[in-house]
Amino acid sequence: MPYQPPVRDYAFLLRDLLELERYANLPAFADASMDTVDQILEEAGRFTGEVLAPLNSVGDKEGCHWQADFTVTTPKGFKEAYAQLVEGGWPALGADPAYGGQGLPHVVNLAFSEMSSAANMAFSMYPGLTHGAYSAIMAGGTQAQKDLYLPKLASFQWGGTMNLTEPHCGTDLGLLRTKAVPQGDGTYRISGQKIWISGGEHDLTENIVHLVLARIEGAPQGTRGISLFIVPKFIPDAQGHPGARNSVKCLGLEEKMGIHGNATCVISHEEATGWLIGEENRGLSIMFVMMNEARLGVGMQGVAQAEAAYQAAATFAKERLQGRSLTGPKNPDGPADPIIVHPDIRRMLMDARAIVEGGRAFLFWTALHGDLAHASPDEAVRQKGNDYMALMTPVLKGFLTDRGFQVCSDAMQVHGGAGFTEHFPVSQYLRDCRIALIYEGTNGIQALDLVGRKLAADGGRGVMSFFAELDAFVEANEADTALKPFTEGLAKGKAELQEATMWLMQNGLANPDNAGAASTDYLHLFGLVALAYMWSLMAKTALAKIAGGATDPLYQEKLAVGRYYIARVLPETAGRLAKLKTGAETLMALPAEAF
């Protein structure tokens with residue numbers, strides 16, 4: 001069975017858990033009634049399930065093709081599907097109405113983004129990066145730049161990229177060599193080579209807007225001397241239409257493990273014409289708008305690929321006959337039982353649901369805080385939203401991609417030998433998902449960012465607010481016997497996370513290697529506790545619905561999967577805490593030459 005968008009689960013999160021209509025008094029939410037949202041979800045499910053999903057295997061097998069004239073053609077069907085994407089208005093869901101968007105909250109757009117990524121990750125990266133370019137120009141561009149570029153990017157009539165990585169530097173952007181020479185007329189000549197540029201060249205749009213990090217002549221070395229430039233493939237003419245060809249070339253495509261349908265390019269800027277965004281030497285601060293949005297999107301990709309892989313595994317497990325149930329035949333008229341009767345198969349499928357549904361709730365909950373950070377008239381709500389967005393971004397990116405990849409691996413295991421072949425879809429999900437642990441800052445970098453910067457930001461205000469929220473939930477619900485497994489599990493997990501935080505404060509400053517050695521375990525401990533909170537919130541919501549007479553089986557399923565998470569997944573926190581408290585001594589014991 002091909003991927004089926006879980007529309008009902010999105011509706012549960014937006015209507016029942018987050019109660020989106022509570023915010024209808026805010027202008028940013030005025031058009032997000034649940035009647036409207038339900039229609040969007042249903043139509044998005046149809047488009048992604050019927051148009052994008054069938055092209056997933058096509059893109060994987062056919063890939064993109066580079067031509068000698070430096071152009072790239074995308075797989076068969078991609079161009080037509082992209083035209084339907086634009087015609088359907090999907091790109092404009094979360095964009096500013098001033099530039100042709102529909103102005104819906106980002107949390108609503110996130111549902112469409114996940115559906116499109118699960119249906120066809122390689123395809124969805126083209127519009128995903130375009131929206132990132134839109135956000136960066138919105139944050140740092142001049143009014144003239146916004147007027148010129150944002151309507152074209154909001155509609156996806158033009159594509160967008162970000163050009164960061166160079167052959168000699170990846171994460172350490174302070175080493176970049178791409179240079180910018182001012183021309184005296186407001187433009188710059190941009191020269192340098194960028195690699196691993198997703199969507200850097202393709203045939204889907206009439207223009208591609210590259211956002212390029214470069215160093216202006218005479219600028220300070222390191223990250224303090226980096227500026228950001230708009231470098232379009234075609235220089236807009238006086239009417240804003242694609243004009244003269246800029247000196248930007250795709251020199252070739254990377255041969256990759258997965259996401260074959262996305263063109264990952266080597267881009268050469270050969271004295272290309274560019275325009276500065278924002279102030280000189282302040283490019284990273286603007287680019288981080290795009291990068292942070294991309295990191296949330298990558299966390300979403302982990303959940304999306306895991307959802308698709310889980311669906312494939314569940315279908316296979318119900319159809320594949322092998323062995324008999326340990327408690328007696330469940331398919332007595334057949335030669336064997338379906339493998340879904342076996343406890344170890346159930347373990348992998350339940351792990352998958354616990355991570356996917358809990359991770360999705362974590363993404364949507366955080367996205368709503370991000371929306372409120374912009375839309376709420378209450379300064380305290382805005383501050384909390386900004387604090388949570390900063391604090392949770394590395395956790396969402398690192399934890400959800402690590403665990404999403406594990407779900408994809410388990411889905412292959414459910415398939416047995418069949419999963420290792422290309423006759424079944426899980427091998428593609430596993431290959432496609434693997435890049436999510438690497439790009440937009442490897443997960444190790446996310447962990448360092450969490451313990452090195454995000455925890456201490458504003459005197460630890462964000463993490464202290466989160467701890468207080470968990471305590472308040474436990475205190476308010478500890479008398480509810482039906483919620484007891486959740487409140488007790490959450491309280492224990494929170495105590496372990498708090499203990500880990502205090503250990504980092506005491507030992508990380510004394511020896512920075514202690515913080516580095518503990519960082520990945522801390523990130524996973526944080527993610528496990530965050531999902532425990534999400535499952536506690538979902539359990540409370542489901543119990544209230546059932547008590548009110550709701551008969552939808554989804555609510556009972558939420559309770560069952562949530563109890564599984566608390567009983568079988570959350571106990572990992574104790575191991576993470578024990579590991580991180582060992583510090584750096586054993587990890588750093590061998591000299592470098594011993595490796």
Side-chain angles (χ1 to χ4, degrees), residues 48 51-86 91 113 116-133 153 156-165 167 193-212 231-234 242 245-246 248-269 294 297-298 301 304-305 308 422 425 427-436 438-440:
T48 56
V51 178
L52 299 187
L55 295 175
N56 198 35
S57 178
V58 174
D60 184 52
K61 291 179 171 61
E62 184 177 324
C64 296
H65 299 282
W66 180 83
Q67 314 296 332
D69 62 354
F70 309 109
T71 61
V72 171
T73 54
T74 52
K76 182 180 179 180
F78 272 42
K79 196 169 184 179
E80 293 77 10
Y82 193 90
Q84 290 186 57
L85 177 84
V86 174
S113 296
S116 60
S117 184
N120 194 323
M121 179 173 166
F123 178 94
S124 72
M125 290 170 65
Y126 294 106
L129 286 162
T130 297
H131 189 74
L153 292 171
F156 289 9
Q157 186 178 348
W158 292 1
T161 75
M162 54 179 174
N163 284 217
L164 284 72
T165 306
Q193 189 176 106
K194 302 287 186 176
I195 62 171
W196 305 336
I197 309 305
S198 300
E201 177 62 36
H202 53 75
D203 57 357
L204 302 178
T205 61
E206 64 181 23
N207 203 0
I208 300 173
V209 181
H210 300 288
L211 296 192
V212 183
V231 184
K233 175 181 174 180
F234 294 101
R245 182 73 161 84
N246 208 346
V248 179
K249 295 179 181 177
C250 171
L251 301 183
L253 299 176
E254 302 289 353
E255 294 290 336
K256 309 187 297 288
M257 174 180 176
I259 54 169
H260 297 148
N262 192 269
T264 306
C265 304
V266 178
I267 297 291
S268 176
H269 299 275
V298 174
Q301 287 177 330
Q305 294 305 292
E422 296 301 321
S427 65
Q428 182 184 351
Y429 298 137
L430 188 71
R431 288 184 287 103
D432 285 355
C433 188
R434 188 60 184 83
I435 186 58
I438 299 171
Y439 59 16
E440 304 310 329

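Residue indices begin at 1 and follow the sequence shown.
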Test item: [X] and [Y] side chains (from C-beta on) under 4.5 Å apart, heavy atoms:
X    : Y    : value
K233 : N246 : no
C433 : Q301 : no
E62  : F78  : no
C250 : V266 : no
E201 : Q67  : no
H260 : R431 : yes
M121 : I259 : yes
Q157 : V86  : no

Measure the acute angle between the ring planes of F156 and Y82, then classify it against the limits of 30° and 60° as parallel, tilted or perpendicular.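 Aromatic pair F156/Y82 classed parallel.
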D203/T73 under side-chain hydrogen bond (donor to acceptor under 3.5 Å, both in side chains): CA gap, chis, key distance, verdict: CA-CA 6 Å; D203 57 357; T73 54; 5.2 Å; no
For the pair N163 and H269, evaluate side chain to side chain contact (heavy atoms under 4.5 Å, CB included) and give the outcome as yes or no after the intermediate values. CA-CA 10 Å; N163 284 217; H269 299 275; 2.9 Å; yes
Give the C-alpha distance, both sets of side-chain angles, the deciding distance and a yes or no for side chain to side chain contact (heavy atoms under 4.5 Å, CB included) between M162 and E440. CA-CA 11 Å; M162 54 179 174; E440 304 310 329; 2.9 Å; yes
Minimum-distance pair of heavy atoms, taken over all atoms of [X] and [Y]:
X    : Y    : answer
L164 : I197 : N-CD1, 4.2 Å
G160 : A133 : CA-CB, 4.0 Å
G159 : L153 : O-CD2, 3.5 Å
P75  : C64  : CD-SG, 3.9 Å
P242 : F234 : CB-CB, 3.8 Å
Q305 : A118 : NE2-CA, 3.9 Å

Determine whether K194 and T161 satisfy the following criterion, side chain to side chain contact (heavy atoms under 4.5 Å, CB included), listing intermediate values before the conclusion. CA-CA 11 Å; K194 302 287 186 176; T161 75; over 6 Å; no
Could you measure the distance from the [atom1] atom of [X] to the [atom2] atom of [Y]? Nearest 0.5 Å is fine.
X    : Y    : atom1 : atom2 : answer
E255 : T264 : CD    : OG1   : 10.5 Å
R245 : N207 : CZ    : CG    : 9.0 Å
T130 : M125 : OG1   : CE    : 11.0 Å
L251 : I195 : CG    : CD1   : 11.5 Å

Check against side chain to side chain contact (heavy atoms under 4.5 Å, CB included), N56 and Y429: CA-CA 10 Å; N56 198 35; Y429 298 137; 3.8 Å; yes
Could you walk me through whether K61 and E422 pass salt bridge (charged side-chain N to carboxylate O under 4.0 Å, His left out), step by step? CA-CA 10 Å; K61 291 179 171 61; E422 296 301 321; 5.4 Å; no
So does S198 get a backbone contact from the side chain of N262, meaning a donor-acceptor N/O pair under 3.5 Å?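 No, N262 side chain to S198 backbone: no donor-acceptor pair under 3.5 Å.
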Is a donor on one side and an acceptor on the other found under 3.5 Å between the side chain of T205 and the backbone of W158?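 Not at all, since once roles are kept as given, no pair shorter than 3.5 Å links the two residues.
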Check P91, S124, S116 against L85 for a side-chain contact (heavy atoms from CB on, under 4.5 Å) and give me the one that passes.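 It is P91, the one option of P91, S124, S116 that forms the side-chain contact (heavy atoms from CB on, under 4.5 Å) with L85.
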